Amino acid sequence: MSALVQREAAEIREEWLGRALSTLPADRTAAEAAISGLYRLIGLDPPRFHWVSSPVAALTTVPPGVPPRPAEAVERMPEWSLPPRFSSSMRRLCLDLDARIHPSVSGLFRQEVRDPLTRSSDSSLRMALRAAHDVEHHATSAWYQTQCVSWVAHYDALRRAAGAVFTSEQIRRLDLWAAAARSCGWWWPRQAVCVISERPVAVHTEVWGDDGEVRLHSADGPAIRYADGWDVYAWHGTRVPSWVVTDPSVNRIAREANVEVRRCAIERIGWGSYIDRAGLRLVASAPDPGNPGSELRLYDVRRQTRVLLAINGSVERDGHRRQYGLTVPGSFNDPIAAAGWTYGLSAEQYSLLVHRT
């Protein structure tokens, strides 16, 4: 791939990422027209459309003409009978398009466009969706993957940057999927009705990957928020309860069972402040042989548990080195031995490291 083509592919990738994370109101006319076209492709009449304000609202809304199941006020989306022909129609289109592209060219564009967009979607929109829906449910996970913009962007980039030639029918089908992807939020089709979610009104992300991948993060509020007030908090790509961002405290951290949530809350406070507030006892400190110029500090947390405070060997995107804590068994008194244990090494082996990441 030439530098010019690579640059154009990256620009198309960023274009589609912007569309995926858009906070503009949905273009309802365009969305309904595109989805109606997709219904016709699989031999179904266009459905009635029922718009909701957020993915979670889809769980608490019964679309007109869709009665709830007995003894249920709501029919949960994972229980919907999603027409499998939608996903199979998309897969057939991908196979048809792939047949017109040399595998080596497609592979390069997958690395440049599709894979980074998939990672960004998994760390942003799909994270928010998982907070509302059981997206790993067997019957629906494939459908949510279908709605990821990465595959549409992949073929759009091949067409625009690599000069791939598709038939007019293939372009018509691809354009329908592309129009749906850029016009609205998540949508759930059924034979007679289609529920569509509006886009979020706010999305906060940070760049974390070498190919422009983003993940949800906000240090002062929800990372993603919808018009009805439903929101999701995230700290550097980890979904957390709202208190981690808005009101972290030593007591809440002590009561939290999830180790990742505890870590995020401590980082929100800052390790130095947390150690002071929690009154952690310093067991020992030593220069870090795997990270020259930095220090390892071992603290006593609770019975049979200690925490090793270290400095990341790699520089973050903002130019700083992140300070982080690692839980180690309470039997360690030597911070170097504790550091080696986290790598599966002895203290002597860790001491011989030239540099760690």
Side-chain angles (χ1 to χ4, degrees), residues 56 123-124 127-128 130-132 134 136 204-206 208 215-225 229-288 290-291 294-314 316 318 320-345 347 350 356-357:
V56 77
S123 300
S124 55
M127 178 192 292
R130 283 192 292 269
D134 178 12
E136 305 308 326
H204 301 281
T205 63
E206 65 174 3
W208 64 275
R215 60 188 180 188
L216 288 181
H217 172 70
S218 176
D220 55 10
I224 189 166
R225 179 171 56 84
W230 183 72
D231 53 30
V232 173
Y233 286 76
W235 181 263
H236 297 299
T238 299
R239 182 180 157 219
V240 296
S242 60
W243 65 263
V244 170
V245 172
T246 61
D247 189 25
S249 69
V250 170
N251 288 337
R252 278 177 161 160
I253 292 170
R255 293 194 300 266
E256 176 57 52
N258 186 298
V259 65
E260 281 297 292
V261 172
R262 287 203 307 271
R263 175 187 61 79
C264 292
I266 293 172
E267 289 182 358
R268 176 69 178 87
I269 293 174
W271 274 98
S273 295
Y274 172 73
I275 288 169
D276 289 341
R277 294 185 199 179
L280 302 188
R281 181 179 67 87
L282 178 65
V283 176
S285 63
D288 186 351
N291 193 8
S294 299
E295 186 178 51
L296 297 170
R297 297 173 69 86
L298 187 64
Y299 289 90
D300 206 18
V301 180
R302 60 176 71 91
R303 179 179 295 181
Q304 300 303 316
T305 303
R306 285 180 174 164
V307 65
L308 178 71
L309 195 62
I311 303 294
N312 199 2
S314 302
E316 299 292 310
D318 61 5
H320 293 87
R321 294 182 186 271
R322 184 171 66 90
Q323 190 174 46
Y324 63 95
L326 298 170
T327 301
V328 299
S331 57
F332 282 110
N333 294 312
D334 177 10
I336 294 178
W341 178 84
T342 66
Y343 285 88
L345 304 173
Y350 184 82
R356 63 167 174 78
T357 57

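No experiment lies behind these values; they were computed from the predicted model shown.
- Contact detail for Y233 and P222: the closest heavy-atom pair is CE2-N, 3.3 Å.
- Nearest approach of Y299 to V283, heavy atoms of both residues: C-CG2, 4.0 Å.
- Note: Y343 and Y350 have tilted aromatic rings, judged against thresholds of 30 and 60 degrees for the angle between ring planes.
- For the atom pair R252 CZ and D247 CG, the distance stands at 4.5 Å (nearest 0.5 Å).
- For the pair R262 (side chain) and A257 (backbone), a donor-acceptor distance under 3.5 Å is present.
- Here the side chain of T305 pairs no donor or acceptor atom with the backbone of V301 at under 3.5 angstrom.
- Residues F332 and R306 approach most closely at O-NH1, 2.6 Å, considering heavy atoms.
- We find the CD1-CH2 distance between I253 and W243 to be 5.5 Å, quoted to the nearest 0.5 Å.
- Counting only distance, with no hydrogens or angles, the side chain of R268 and the backbone of V245 share a donor-acceptor pair below 3.5 Å.
- Applying the salt bridge (Lys or Arg N to Asp or Glu O under 4.0 Å) test to residues at least two apart or on different chains, the pairs with a partner in residues 271-283 are R281-D300.
- The CD1 atom of I269 lies 11.0 Å from the CD1 atom of I275; values are rounded to the nearest 0.5 Å.
- Listed for the D288 side chain is no donor-acceptor partner under 3.5 Å among the backbone atoms of I311.
- If you take OG on S285 and CG on L309, they are separated by 11.0 Å, rounding to the nearest 0.5 Å.
- Between atom OG of residue S249 and atom CZ of residue R255 there is a gap of 6.0 Å, rounded to the nearest 0.5 Å.
- H204 places no side-chain N or O within 3.5 Å of a backbone atom of A223 that could act as its donor or acceptor partner.
- Ion pairing of E267 with R263 is present here, as a side-chain N (NZ or NE/NH1/NH2) and a carboxylate O approach within less than 4.0 Å.
- Between S124 and I224, the closest side-chain pair of non-hydrogen atoms is not below 4.5 Å.
- Closest of all the heavy-atom pairs between A128 and W230 is O-CH2, 3.2 Å.
- Here the closest non-hydrogen pair linking V244 and C264 is CG1-C, 3.9 Å.
- Nearest heavy-atom pair, A310 versus L296, reported as atom, atom and distance to 0.1 Å: CB-CD2, 3.7 Å.
- You'll find the side chain of Y274 reaches within 4.5 Å of the side chain of L280, heavy atoms only.
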